[in-house]
2 protein chains.
Amino acid sequence: MLVNIAIVDDKASNRSIIKDKLLRHKIFEVSLIAENGKDFLDKMKVLPPDKVPSVVLMDLEMPEMDGVDAVAAGSYLYPTVKFVMLTIFDDEEKIFKAIKAGAFGYLLKDESAENIAETLEQMHENGVGPISPGIAHKILQLVQNNTVSLIQKHIPEKDKTPFNLTEREQEILKLLVQGLQYKEIGSRLQISPNTAKKHVLNIYSKLHVNSKTQALALAYEKGLI
Amino acid sequence: MLVNIAIVDDKASNRSIIKDKLLRHKIFEVSLIAENGKDFLDKMKVLPPDKVPSVVLMDLEMPEMDGVDAVAAGSYLYPTVKFVMLTIFDDEEKIFKAIKAGAFGYLLKDESAENIAETLEQMHENGVGPISPGIAHKILQLVQNNTVSLIQKHIPEKDKTPFNLTEREQEILKLLVQGLQYKEIGSRLQISPNTAKKHVLNIYSKLHVNSKTQALALAYEKGLI
DNA sequence: CGGCCAATAATCCATTTGGATAAGAAGGTA
DNA sequence: TACCTTCTTATCCAAATGGATTATTGGCCG
């Protein structure tokens, strides 16, 4: 039986190289190609069930929506899909965040370009998430150096708002997760309930969800709060 | 130049198998053999400086003093020595503890018995701690499941149902926090959406809330999930 | 046996929410 | 200035939710 794979990368050359590698193995079918996280989620929504990928190869660095956010939303919306990140070596923070967000495996771009198909085949056989040795070593060190301190340490560097939420939207999200309804949010922030609602709906579209409960689930699971 | 290796294992057969594998590569010298953690530390004390191993292959399960304690003490006493653990697959807690204690690498016993020497050679070249894919995958999951929770999880071992929720209600609560709506809950559990709704409303009254979002907020805050 | 509770299911109705769409005001930027 | 984004507000409509109530079934307990 064919195994559906999705490729998400902003560089066209990468996409075609990976695709070529995969298609050389007859068990793989590339059923979705996207050029960033948002594009991927959008395309997933309209994908026929038999095309839903079992594995998503996702670049970490992408415009519009990066791999971290995409894996966070994606692993919530499609729990059965396995996300394997493709990355360069030195982005420690993103590596860590993507793991927390639900990445299933982690491959170094250069290291695995050659044998990416073989790696996926192995993964398909034994169900173990593929991890490049270098990354594994890094993860081990992260755990050794007590994980938690590392999470904190990196926060002050950059505070890119997750999912490109605006400040106002984050403010609203905070109230949302407290279980408030539009009216209440409105009066807390001294704005019309209609406005509150508008903000909430905007948040939905950024998170690619469509209800309060889904937004809460995602926010809690991925630690947006 | 020769690379000194130490082997620590309580089974004589393992010791000799590993030793044989290593000696086939002429760059390796086995300068210390011990049968448990205590034995290893004792022998390290009286070892001439030129025999001090660069790498210690250490079994996890051993009598007298196990691999965890040995690596904890050893990595403190001999910071330059690299400890590579040899283990069976399922001892999650020990795997984790050994990492925290300072293990440099982690190999599955069976998986690596064949190519242990090659693995060490690679490690010697690129300085990256060797980790079997299965272990790497497990570590990744540990990080995903928030590391810290595993450390503490073992202390409180109570399973009193919170808020007097019935089993069915807890089942429903679990689906609720995933962001499902009545219809979806109903079809998941093979019951009518009306019944699902009824259960949810019953949950509300037990939790003293009156909306899904409030229920979620409470469930997450109090860790009912 | 009678009573109690959990689980199941349904109905009615008011409120809330989600989705689409439009549009004005304030701010920054090319 | 023209343009873009964010924040603001609004309206219409369909769908989902919350609240109240009633009813049947099957276990369990005294």
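The sequence lines fix the lettering, A, B, ..., with proteins before strands; numbering per chain opens at 1. Basis for what follows: all heavy atoms, side chains included, without hydrogens, waters or symmetry-related copies.
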Task: Verdict with reasoning, A:Ser192 to A:Lys198, per side chain to side chain donor-acceptor pair (under 3.5 Å) - done: CA-CA 10 Å; A:Ser192 150; A:Lys198 181 60 181 149; over 6 Å; no
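Listed pair A:Tyr204 / C:dG18 meets the phosphate criterion, a side-chain N or O lying under 4.0 Å from OP1 or OP2. The side chain of B:Asn194 places an N or O atom within less than 4.0 Å of a non-bridging phosphate oxygen (OP1 or OP2) of C:dA10. In terms of phosphate contacts, B:Lys212 brings a side-chain nitrogen or oxygen within less than 4.0 Å of OP1 or OP2 of D:dT17. An OP1 or OP2 oxygen of C:dT16 is reached within less than 4.0 angstrom by no side-chain nitrogen or oxygen of B:Ser211.
In this structure, B:Ile203 atom CD1 and C:dA6 atom C1' are separated by 13 Å, rounded to whole Å. In this structure, the CG atom of B:Asn202 is 16 Å from the P atom of D:dT22, given to the nearest Å. Computed from coordinates, the A:Ile172 CD1 to D:dT9 P distance equals 10 Å when rounded to whole Å. With rounding to whole Å, B:Gln214 atom CD is found 12 Å from C:dT16 atom P. Whole-Å rounding puts the A:Ile185 CD1 to C:dG18 P distance at 10 Å. Per the geometry, CD1 belonging to A:Ile191 stands 6 Å off P belonging to D:dT9, to the nearest Å. Rounding to whole angstrom units, NZ of residue B:Lys183 and P of C:dA9 are separated by 17 Å. Atom CD in A:Gln181 sits about 19 Å away from atom P in D:dA16, given to the nearest Å.
Projected onto DNA chain D by closest heavy-atom contact, A:Leu189 and B:Val209 fall at different nucleotides, the more 5' of which corresponds to A:Leu189. Both A:Asn210 and B:Gln190 lie close to DNA chain C; mapped to their nearest nucleotides by heavy-atom distance, the more 5′-ward contact belongs to B:Gln190.
With C:dT11, C:dG18, D:dC7 as the choices, the nucleotide that has an atom nearest any side-chain atom of A:Arg168 turns out to be D:dC7. For A:His199, counting side-chain heavy atoms from C-beta on, the closest listed nucleotide (D:dC7, C:dT17, D:dT9) is D:dC7. Side-chain proximity of A:Glu169 to the nucleotides D:dT9, C:dA9, D:dC7 is greatest for D:dC7. Considering only side-chain atoms of B:Ser192, the nucleotide from C:dA7, D:dC7, C:dA10 that sits closest is C:dA10. In this structure, of C:dT17, D:dT8, C:dT8, it is C:dT17 that holds the atom nearest to the side chain of A:Tyr182. The side chain of B:Thr166 sits closest to C:dA7 out of C:dA7, D:dA10, C:dG18.
One can find a donor-acceptor pair under 3.5 Å joining the base of C:dG18 and the side-chain atoms of A:Lys197.
Across all strands, B:Thr195 comes closer than 4.0 Å to base atoms (heavy-atom distances). Nucleic acid contact for A:Leu201: base, since at least one base atom lies under 4.0 Å from a heavy atom of the residue. Here A:Lys198 lies in heavy-atom contact (under 4.0 Å) with a base.
For the pair B:Arg188 and B:Leu180, the tightest heavy-atom approach, listed with the atom from each and the gap, is CZ-CD1, 3.7 Å.
Seen from the ring of A:Phe163, A:Lys206 does not count as a face-on cation partner, given the 6.0 Å and 45° thresholds. A cation-pi geometry, defined here as NZ or CZ lying under 6.0 Å from the six-membered ring centre and within 45° of its normal, does not hold between B:Lys212 and B:Tyr204.
The closest donor-acceptor contact from the side chain of A:Asp66 to the backbone of A:Asp69 lies under 3.5 Å.
Ring geometry for A:Phe83 versus A:Phe40: interplanar angle over 60°, hence perpendicular rather than tilted (30 to 60°).
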